[in-house]
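Below: one structure, written as structure tokens.
Start at 1 and go down the list; that is how both ligands and their atoms are numbered. Basis for what follows: all heavy atoms, side chains included, without hydrogens, waters or symmetry-related copies.
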Amino acid sequence: MAEPRTIAQKILAAHGVEDVTPGAFGLADVALVMANEVSGSVALTEFERTGAERVFDPDRVALFADHFAPAKDVRSAELVGRLRRFARDQGIEHYWEAGSTANAGIEHTVLPEEGLIAPGDFIVGGDSHTCTYGAFGALGTGMGSTDIAVALALGQTWVRVPQSIRVEYRGSCGAYVTGKDLILAYLAHSGVSGATYAALEFAGPPIDRTSVDERMALCNMAVEAGAKTGIVAADETTLEWLAPKVGDRALEPVLPDDDAVYEQRVEIGLDGMPPLVARPPSPGDVAPVGDVAGAHVDQVYVGNCSNGTITDLRQLCRLLEGRSVARGTRLIVVPASQRVYRQALTEGLLETIVAAGGAVSMPTCGACFGGHMGIIAAGETAVATTNRNFRGRMGHPDSQVFLANAYVAGAAAVTGELCDPAEVLG
Ligand SMILES: CC(C)[C@H](C(=O)O)[C@@H](O)C(=O)O
Ligand code: SF4
């Protein structure tokens, strides 16, 4: 009898890792290598230094101009230009850039939308939120630029097999509690290093009921707990979402064995849990929104690779419908992809946002990491649906960012302060 295995162990074994004992080192074949114009620029230099002339397989490389696109200054134009030339010279067709491809936007949103992620895949990316693909039952993980360079050349990477942590949710989500709150609830338990290097397996009836968009928010922030990745086993919801996007590719969920060995099992009860926020400057400093109610908010930012989906824009618009952005507060909305943007256009959500006084930007990483499109000044406070609120993350070192779901963001936009969305919507 084979040893029982977790999802991460099964995926790594299927990609050629011989010994999947947690802690063991091995060599894995990668399904896809992803890079963006920021860390990718360093990776391309390192790629050249390896002496390799061609990438291992141009169809299994995906490149994104998303952090600073459209280029915000000369430096970013050069970064994007370098990536664009590399894609052209190497014959890489999976290249997305706003203004020149039908879909474009944040890598972690666009890649699954374009049908390039499937359950069981092992994806490495030059970006820490590559763990987002766990929403599709895949193992995605961020790696440094030198590792990405080698993966681009060889289609293989070294791995240390992660230990797995099973996170089981129980009970039911209350009103205005979303996927964002599920991961914030875990972060309240783990802090920012409680899952260091682990593969988190999220499960339980509340997870079965979540949408793909919510699973993306959940898996996206696994890295904020220090994890190597976060995975939800693929189910009917996943397959229905992916089927129209992946062409004739067979979709096979990878499920953990019943007696798989976990380093830790965590249970999180959701009954009675209110919407949560992460207080600055740590995604691990989680509190019920009521604990910070009344704090003035200068800027509300709805976007980023965890919560810039159509689900988030719909939630935001529940608050904006028939209301206006409070005087003294700015609302900036950045749909995560052109696909989300078009859907929001079709549904009239962009009209609702603009009519309420909010501004809509084109898809980009934008202000999430302090790039552009909404940098905040000293002394300012933002509520953001993003995933990190480290000191200076969105602008000046003396600014503050509270992380929250799109309902809480919407409630802050219309009241000008942090509050429970139930106070606005009842
Ligand atoms: C620029 C990139 C390498 C970085 C990351 O790895 O996460 C960014 O996306 C971020 O969120 O800080
Ligand atoms: S949206 Fe933010 S967190 Fe996501 S990849 Fe871009 S910069 Fe990183």
statement: Taken to the nearest 0.5 Å, the spacing of Thr178 OG1 from Gln315 CD works out to 5.5 Å

- line: Short version for Asp66: what comes under 4.0 Å of ligand 2, heavy atoms counted, is neither

- request: Could you see which bit of His67 sits under 4.0 Å from ligand 2, with heavy atoms only: side chain, backbone, both or neither?
  value: side chain

- prompt: What protein heavy atom sits nearest atom 10 (C) of ligand 1, and how far away is it?
  reply: Arg393 NH2, 3.4 Å

task: Pull out every atom of ligand 2 sitting under 4.0 Å from any heavy atom of Phe369, numbered as shown with elements.
output: 7 (S)

query: Quick one: OG1 on Thr237 to CZ on Phe136, what's the gap to the nearest 0.5 Å?
result: 11.5 Å

task: Find all atoms of ligand 1 within a distance of less than 4.0 Å from any non-hydrogen atom belonging to Val38, and give their numbers and elements.
output: 1 (C)

- prompt: What is the nearest protein non-hydrogen atom to atom 2 (C) of ligand 1, stated with its residue, atom name and distance?
  reply: Asp127 OD2, 3.3 Å

- request: For the pair Arg82 and Glu48, find out whether any cationic side-chain nitrogen is under 4.0 Å from an anionic carboxylate oxygen.
  value: yes

Numbered atoms and elements of ligand 1 in range of Arg388, under 4.0 angstrom, heavy atoms: 7 (O), 10 (C), 11 (O), 12 (O)

- prompt: To which protein heavy atom is atom 2 (Fe) of ligand 2 closest, and what is the distance rounded to 0.1 Å?
  reply: Cys368 SG, 2.3 Å

- prompt: Which ligand 1 atoms does Ser128 reach within 4.0 Å, using its non-hydrogen atoms?
  reply: 5 (C), 6 (O), 7 (O)

query: Cut-off 3.5 Å, side chains only: do Thr109 and Ser337 have a donor facing an acceptor?
result: no

message: Side chains of Glu114 and Asn103: any donor to acceptor distance under 3.5 Å?
response: yes

Under 3.5 Å: N/O of Asn36 near N/O of ligand 1: no

query: Counting backbone and side chain alike, does Cys365 bring an N/O/S atom below 2.8 Å of atom 4 (Fe) of ligand 2?
result: no

field: salt bridge (charged side-chain N to carboxylate O under 4.0 Å, His left out) evaluation trace for Asp121 with Arg249
entry: CA-CA 12 Å; Asp121 282 354; Arg249 205 173 158 192; 2.7 Å; yes

- request: Report the distance from atom CG of Asn220 to atom OG1 of Thr130, rounding to the nearest 0.5 Å.
  value: 9.5 Å

Ligand 2 atoms in contact with Cys305 (distance to a heavy atom under 4.0 Å): 1 (S), 3 (S), 4 (Fe), 5 (S)

- line: A student checking ligand 2 against Arg393 at a 4.0 Å heavy-atom cut-off should list atoms 2 (Fe), 3 (S)

- request: Would you indicate which of His108, His67, Glu37 comes nearest to atom 1 (C) of ligand 1 when only heavy atoms are counted?
  value: His67

message: Between Asn304 and Ser306, is there a side-chain donor-acceptor contact under 3.5 Å, judged purely by atom types and distance?
response: yes

task: Using a strict cut-off of 4.0 Å, indicate which atoms of ligand 2 neighbour a heavy atom of Asn304.
output: 1 (S), 2 (Fe), 3 (S), 4 (Fe)

query: Relative to the heavy atoms of Gly126, which atoms of ligand 1 are at a distance of less than 4.0 Å?
result: 3 (C)

message: Please report the interatomic distance CZ(Arg391) to CD(Gln400), rounded to the nearest 0.5 Å.
response: 10.5 Å

Geometric N/O contact Ser39 with ligand 1, under 3.5 angstrom: no

field: Residue Asn387 vicinity, atoms of ligand 2 by number, heavy atom under 4.0 Å
entry: 3 (S)

statement: CG (Leu116) and NE2 (His94) are apart, to the nearest 0.5 Å, by 4.5 Å

task: Begin with the C-alpha distance, continue with both residues' side-chain angles, and end with the deciding distance and a verdict on side-chain contact (heavy atoms from CB on, under 4.5 Å) for Leu182 and Thr210.
output: CA-CA 10 Å; Leu182 298 182; Thr210 52; 3.8 Å; yes

